[in-house]
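Just follow the structure's listing: the first ligand is 1, and inside any ligand the first atom is 1.
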Amino acid sequence: MPLVTLKEILAPAKEHNYAVAAFDTMDFTLTEGIIQAAEQTGKPVILMLPGFIFDRPDAQSMLDFNLNRIAKSPVPICYHLDHGKADECVKAIHAGCSSVMYDGSSLPMEENIAVTKEIVKVAHTCGVSVEAEIGHVAAPEGSVEGSVADASKFTRPEDAAYFVEQTGIDALAIAFGTVHGVYKGTPHLDLERLAQIKRLVDVPLVMHGGSGLPEQDFRSAVKYGINKINFFTGMSLATIAAMRRLIEETDGRVRYIKLYDAALQTVIQCAKEQMEIFGTQSIYS
Ligand code: 13P
């Protein structure tokens, strides 16, 4: 199965009302675990690169590994840049990503539109999909500090419709009550807002900040029209906890490969659980 674009992977999700899981990777274990989860279940998956990857000295090895691993997989995989700046979107296209998220959500709307439009022009010329965000999901991505959702930054339905119409993007990330990283307090999703946006916007809708939501919130978000769910902190914390348990049980006298296996199995299990909750349909069914 070739690498697929975001547009291709989300079309059946929109038609059949499920969400495709999107997990960030930043090393071999995460890439391998996320793709093995997809292969074991026959479900499509979105493998996401954080923008900072390009500044790392080992970036090229990581990028080469990801592309080779995706090419060998029998399941549909979208290779996507998460929260990119404009230059990172160009780097991601060069690195073989089939989709980029340009994140101009902290800019005034017209500026966000102007840059997003340019990214769409370049990306679409290269056969690459574009996700963008209007409104703003709180806390920097990857944050484990915790925060609360800021309702003043939630996406306004009329802005969502205007933004999509002006930019020609393939998927829209919206803010309606989630935060990146750990929640402070109990999350409250504004499902009525999501339903209104869904009525006005024709492209698939994306929910960022999946970690920490109760299962029922995921199911409701999908029911009300979310087709891509970004999830990272929960997987990262679960993996660290599994390694820590093993280190404590053995007083640190553990073979390195056992530690790696514990991490890998946790990533696989966590990815499978989320895919199940998101209702992701298998290509075998
Ligand atoms: P969490 O880390 O809160 O799951 O959010 C991930 C995300 O939205 C990445 O874009």
Side-chain angles (χ1 to χ4, degrees), residues 6 9-10 19-27 30-31 33-34 37 45-54 78-85 88-89 92 97 99-106 129-150 153-155 169-189 194 204-215 217-219 221-222 226-241 266-267 269-278 280:
L6 191 64
I9 212 165
L10 294 186
V20 181
F23 303 110
D24 291 281
T25 183
M26 45 209 74
D27 70 2
L30 288 161
T31 296
I34 292 162
V45 77
I46 299 163
L47 186 70
M48 302 198 294
L49 275 182
F52 67 74
I53 213 86
F54 298 108
C78 168
Y79 188 28
H80 174 86
L81 173 72
D82 193 21
H83 292 285
K85 302 188 184 83
E88 290 165 348
C89 290
C97 283
S99 175
V100 294
M101 177 201 186
Y102 168 67
D103 184 359
S105 63
S106 50
S129 298
V130 179
E131 172 188 333
E133 179 171 334
I134 192 78
H136 184 70
V137 177
E141 54 282 0
S143 159
V144 287
E145 304 293 313
S147 72
V148 287
D150 177 356
K153 304 263 175 65
F154 285 4
T155 307
I169 53 171
D170 303 291
L172 178 70
I174 57 170
F176 64 105
T178 57
V179 301
H180 287 109
V182 177
Y183 288 85
K184 275 190 180 147
T186 311
H188 295 290
L189 298 188
L194 168 58
L205 299 176
V206 180
M207 182 171 85
H208 282 243
S211 302
L213 281 185
E215 198 172 314
D217 276 358
F218 285 118
R219 296 193 195 279
V222 172
I226 290 292
N227 296 126
K228 170 177 181 265
I229 299 179
N230 286 22
F231 188 96
F232 177 65
T233 305
M235 175 182 277
S236 158
L237 292 178
T239 306
I240 292 165
T266 308
V267 173
Q269 189 191 341
C270 181
K272 281 174 153 178
E273 277 168 15
Q274 293 309 133
M275 290 168 164
E276 181 66 33
I277 293 170
F278 303 167
T280 316

For [X], counting its heavy atoms only, list the atoms of ligand 1 lying under 4.0 Å from any of them.
X      : result
Thr233 : 1 (P), 2 (O), 3 (O), 4 (O)
Asp24  : 9 (C)
His208 : 8 (O), 10 (O)
Gly181 : 1 (P), 2 (O), 3 (O)
His83  : 10 (O)

Notebook entry, point to check: Minimum heavy-atom separation for Ala92 to Leu81, with atom names?
Noted result: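 Looking at all heavy atoms of both residues, the closest pair is CB-CB, 3.8 Å.
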Notebook entry, point to check: Residues two or more places apart in sequence or in another chain: which of them pass salt bridge (charged side-chain N to carboxylate O under 4.0 Å, His left out) with Glu273?
Noted result: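 In terms of salt bridge (charged side-chain N to carboxylate O under 4.0 Å, His left out), with neighbours along the sequence ignored, Glu273 is linked to no residue.
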Next item on the list: Tell me, please, which residues at least two apart from Asp150 pass salt bridge (charged side-chain N to carboxylate O under 4.0 Å, His left out).
Entry: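 Partners of Asp150 by the salt bridge (charged side-chain N to carboxylate O under 4.0 Å, His left out) criterion, ordered by chain and then number, come out as Lys153.
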Ligand 1 and [X], any nitrogen or oxygen pair closer than 3.5 angstrom?
X      : result
His180 : yes
Gly234 : no
Met48  : no
Phe231 : no

Check: Within the side chain of Ser105, is there an N or O that forms a donor-acceptor pair under 3.5 Å with the backbone of His136?
Finding: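 Side chain of Ser105 to backbone of His136: no pair is present.
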Next item on the list: Indicate yes or no for a side-chain donor-acceptor contact from Thr155 to the backbone of Ile134 under 3.5 Å, with no hydrogens or angles considered.
Entry: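 Yes.
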Margin query: Checking contacts here: is it the side chain or the backbone of Asp82 that comes within 4.0 Å of ligand 1, counting heavy atoms only? Could be both or neither.
Written below: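 Within the 4.0 Å criterion, Asp82 contacts ligand 1 through side-chain atoms alone.
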Notebook entry, point to check: Counting heavy atoms only, which part of Val179 comes closer than 4.0 Å to ligand 1: side chain, backbone, both or neither?
Noted result: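 Near ligand 1, Val179 shows its backbone, while the atoms from C-beta on stay back.
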Checklist line | Phe232 ring center within less than 6.0 Å of Phe23 ring center | finding: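 No, too far apart.
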Checklist line | No-hydrogen, no-angle side-chain donor-acceptor test under 3.5 Å, Glu131 and His208 | finding: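 There is such a pair (donor and acceptor under 3.5 Å, judged by atom type) between the side chains of Glu131 and His208.
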Notebook entry, point to check: With no hydrogens and no angle check, do the side chains of Thr31 and Thr25 hold a donor and an acceptor under 3.5 Å apart?
Noted result: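 Yes, Thr25 and Thr31 have a side-chain donor paired with an acceptor closer than 3.5 Å.
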